[in-house]
Amino acid sequence: MGISSFEGKVAFVTGGASGIGLGIAKVLVERGAKVVIADLRPDHIADALASFAGGAQSNAVSALVLDVSNRAAYRDAAQRMQDEFGGIDILVNNAGVGLEGPILDATYADYDFGMAVNFGGVINGFVEFMPQMRAHGRGGHIVSTASLAAEVVMPAHMAIYAASKAAVCHYCEAVRGELAEHNIGVSILLPGPVASRIHECKDNRPEQFREGSGYDASEERLSRRIVGDDWMQPEEVGKLVCDGILANETYLVTHGVFKDAQRARAKAVLDATPDRIEPLPDFGRYRD
Ligand code: NAI
Ligand code: GGE
């Protein structure tokens with residue numbers, strides 16, 4: 001199913017110029033893939049390309065500027081991948097923002113920002129690249145970065161983020177069977193705390209989501225947060241992701257630290273579920 005080796009394969013990594021996406025890009029390149037980094041931030045792209053410069057496989061990496069929430073721009077980028085590489089083999093839907101703030105401060109601009117980037121960006125990736133992967137007939141693999149935030153009841157101030165990541169998770173689970181029929185594997189990355197620049201949220205807000213935001217103060221505070229030296233390094237995540245692609249694993253989980261909270265949420269839903277063993281109603285019947 002999907003991908004059986006990275007040698008000569010073409011990968012498109014969104015948010016690939018920093019943090020987890022860059023860690024994934026590095027390991028993909030090490031294992032023989034050609035990687036195109038797609039990222040909103042030209043400064044992150046410059047840093048990322050500099051980190052590959054001089055390395056043995058530096059010519060296997062290139063980059064383009066893309067806001068994954070911009071559908072017209074995403075379509076152009078996918079077309080470029082078709083024209084220049086004959087289509088991609090691996091899509092990593094990783095671009096995302098860690099927006100947070102009190103729920104009563106949130107305005108529609110904040111909801112739209114969180115959903116359009118974290119969930120919309122993933123949807124746009126699937127919509128633009130699924131036809132390409134089917135048409136070239138080589139099969140492929142799509143990894144999307146959700147979060148362990150999708151598996152637990154989140155702490156205060158993270159409702160929009162949690163909703164966007166739960167949407168990513170459930171969408172990927174639901175399309176997995178259909179895409180398997182087209183030899184396209186699907187994996188969901190569920191990370192815990194990883195060293196990155198996720199605190200730079202305020203610099204990653206596209207213009208159309210700025211006016212009327214209630215999260216200016218929250219984002220200013222977040223931008224000053226210190227990255228812990230005990231947070232996982234992105235390249236460790238990259239190895240987990242690359243191994244998971246070859247095995248076509250559904251869930252790629254980096255940390256066990258939230259396991260009790262994951263269990264508590266699952267248990268609460270099961271505890272609220274009645275034990276009745278009535279037959280499943282038939283909801284597959286239609287009028288002529
Ligand atoms: P990061 O900020 O270091 O990297 C994200 C990259 O995505 C940045 O280079 C940024 O410029 C880019 N980006 C932001 N908005 C974009 C857009 N609209 N279009 C294209 N690129 C865009 O952060 P990190 O932590 O590496 O985040 C990657 C993904 O991992 C996100 O989806 C995040 O929600 C998720 N995640 C991160 C965790 C962590 O602890 N760092 C834990 C769980 C999930
Ligand atoms: C490391 O920084 C972040 C962040 O600013 C926002 C979100 C996340 C990391 C992650 O998606 C996860 C951490 O694994 O989200 C959580 C944040 C706080 C408590 C629990 C979380 O996930 C279970």
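As the structure lists them, so they are numbered: ligands from 1, and atoms in each ligand from 1. FYI, side chains are in, hydrogens and waters are out, and symmetry mates aren't considered; it's all heavy atoms of this structure.
- In this structure, H255 falls outside the shell of residues with a heavy atom less than 4.0 angstrom from ligand 2.
- A donor-acceptor contact under 3.5 angstrom links the side chains of R176 and T250, judged on distance only.
- Scanning the protein heavy atoms around atom 19 (N) of ligand 1, the nearest turns out to be V68 N, 3.0 Å.
- Between G98 and ligand 1 there is no heavy-atom distance shorter than 4.0 Å.
- What sits closest to atom 28 (C) of ligand 1 on the protein, heavy atoms only, is N94 OD1, 3.4 Å.
- Shortest contact from atom 14 (O) of ligand 2 to any protein heavy atom: G192 CA, 2.9 Å.
- Using a 4.0 Å cut-off between a side-chain N of Lys or Arg and a carboxylate O of Asp or Glu, R80 and D83 do not qualify as a salt bridge.
- Ligand 1 places these atoms under 4.0 Å from at least one heavy atom of P193: 40 (O).
- Contact of the L99 side chain with the L222 side chain is not registered, since no non-hydrogen atoms from C-beta on lie closer than 4.5 Å.
- Atom 20 (C) of ligand 1 has as its closest protein heavy atom L66 O, 3.0 Å.
- If you check which protein heavy atom lies closest to atom 23 (O) of ligand 1, you get S196 OG, 3.4 Å.
- In this structure, CZ on R197 lies 10.5 Å from CG on D203, to the nearest 0.5 angstrom.
- The local environment of CZ in R210 is crowded, with over 12 non-hydrogen atoms from other residues, nucleotides or ligands closer than 6.0 Å.
- At the top of the distance list for atom 26 (O) of ligand 1, counting protein heavy atoms only, stands I20 N, 2.8 Å.
- Using a 4.0 Å cut-off between a side-chain N of Lys or Arg and a carboxylate O of Asp or Glu, E220 and R224 qualify as a salt bridge.
- The backbone and the side chain of P191 each have at least one atom closer than 4.0 Å to an atom of ligand 1 (non-hydrogen atoms only).
- Distances from atom 2 (O) of ligand 1 to the heavy atoms of K165, M232, R197 show the closest one on R197.
- Here the shortest heavy-atom pairing between I103 and A159 reads CD1-CB, 3.8 Å.
- Taking the six-membered ring where the residue is Trp, the centroids of F85 and F12 are separated by 6.0 Å or more.
- Of the possible donor and acceptor atoms, one in the side chain of D110 sits under 3.5 Å from a partner among the backbone N and O of T107.
- When the options D203, T145, D39 are ranked by their closest heavy atom to atom 10 (C) of ligand 1, first place goes to D39.
- Here the shortest heavy-atom distance to atom 14 (C) of ligand 1, taken over L22, N70, N204, V194, belongs to N204.
- Every N/O-N/O distance between W231 and ligand 2 stays at or above 3.5 Å.
- Side chain of R265 to main chain of E151: no donor-acceptor pair is present (N/O by atom type, distance under 3.5 Å, no hydrogens or angles).
- By heavy-atom distance, the residue among A261, G228, S147 lying nearest atom 10 (C) of ligand 2 is S147.
- Shortest non-hydrogen contact noted between Q208 and S69 is NE2-OG, 4.2 Å.
- Within the 4.5 Å cutoff, side-chain heavy atoms of H157 are placed close to those of P102.
- Contact annotation for K165 and ligand 2: no heavy atom of the residue comes within less than 4.0 Å of the ligand.
- Of the candidates A73, A146, S18, A17, the one placing a heavy atom closest to atom 3 (O) of ligand 1 is S18.
- For ligand 1, the atoms lying closer than 4.0 Å to a non-hydrogen atom of A95 are 20 (C), 21 (N), 22 (C), 32 (O).
- In terms of protein heavy-atom proximity, atom 9 (C) of ligand 2 is closest to I198 CD1, 4.4 Å.
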For this session: Verify side chain to side chain contact (heavy atoms under 4.5 Å, CB included) between V122 and K165, making sure each step is shown before the conclusion.
Result: CA-CA 10 Å; V122 170; K165 294 301 188 176; over 6 Å; no

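- Under 4.0 angstrom from ligand 2, the non-hydrogen atoms of R225 all belong to its side chain.
- In the displayed structure, K34 atom NZ is contacted under 6.0 Å by at most 12 heavy atoms of other residues, nucleotides or ligands.
- If you look at P155 next to ligand 2, the close heavy atoms, those under 4.0 Å, all belong to the side chain.
- In this structure, G192 is part of the shell of residues with a heavy atom less than 4.0 angstrom from ligand 1.
- The shortest heavy-atom contact between G19 and P234 is O-CB, 3.2 Å.
- When hydrogens are left out, the protein atom nearest atom 7 (O) of ligand 1 is G15 CA, 3.2 Å; that is the closest non-hydrogen contact.
- The protein non-hydrogen atom at the shortest distance from atom 18 (N) of ligand 1 is D67 OD1, 2.9 Å.
- When only non-hydrogen protein atoms are considered, atom 8 (C) of ligand 2 lies nearest to Y161 OH, 4.0 Å.
- When all heavy atoms of M133 and H141 are compared, the closest pair comes out as CE-O, 3.7 Å.
- Shortest contact from atom 18 (C) of ligand 2 to any protein heavy atom: M154 CE, 4.0 Å.
- For atom 6 (C) of ligand 2, the nearest non-hydrogen atom of the protein is M158 CE, 3.7 Å.
- Residues N70 and P206 fail the side-chain proximity criterion, which asks for heavy atoms closer than 4.5 Å.
- A salt bridge between D243 and R31 is present, with a side-chain N of the basic residue lying under 4.0 Å from a carboxylate O of the acidic one.
- Annotation for ligand 1: atoms under 4.0 Å from non-hydrogen atoms of V117 are 18 (N).
- Of the options A149, A150, G19, the smallest heavy-atom separation from atom 22 (O) of ligand 2 is shown by A149.
- At a heavy-atom distance under 4.0 Å, only side-chain atoms of H44, from C-beta outward, approach ligand 1.
- Of the heavy atoms in Y161, only side-chain atoms (C-beta onward) come closer than 4.0 Å to ligand 1.
- Every atom of ligand 2 is numbered from 1 in the order shown, and the set under 4.0 Å from a heavy atom of V152 is 23 (C).
- If you check each of L40, T14, N93 against atom 16 (C) of ligand 1, the one with the closest non-hydrogen atom is L40.
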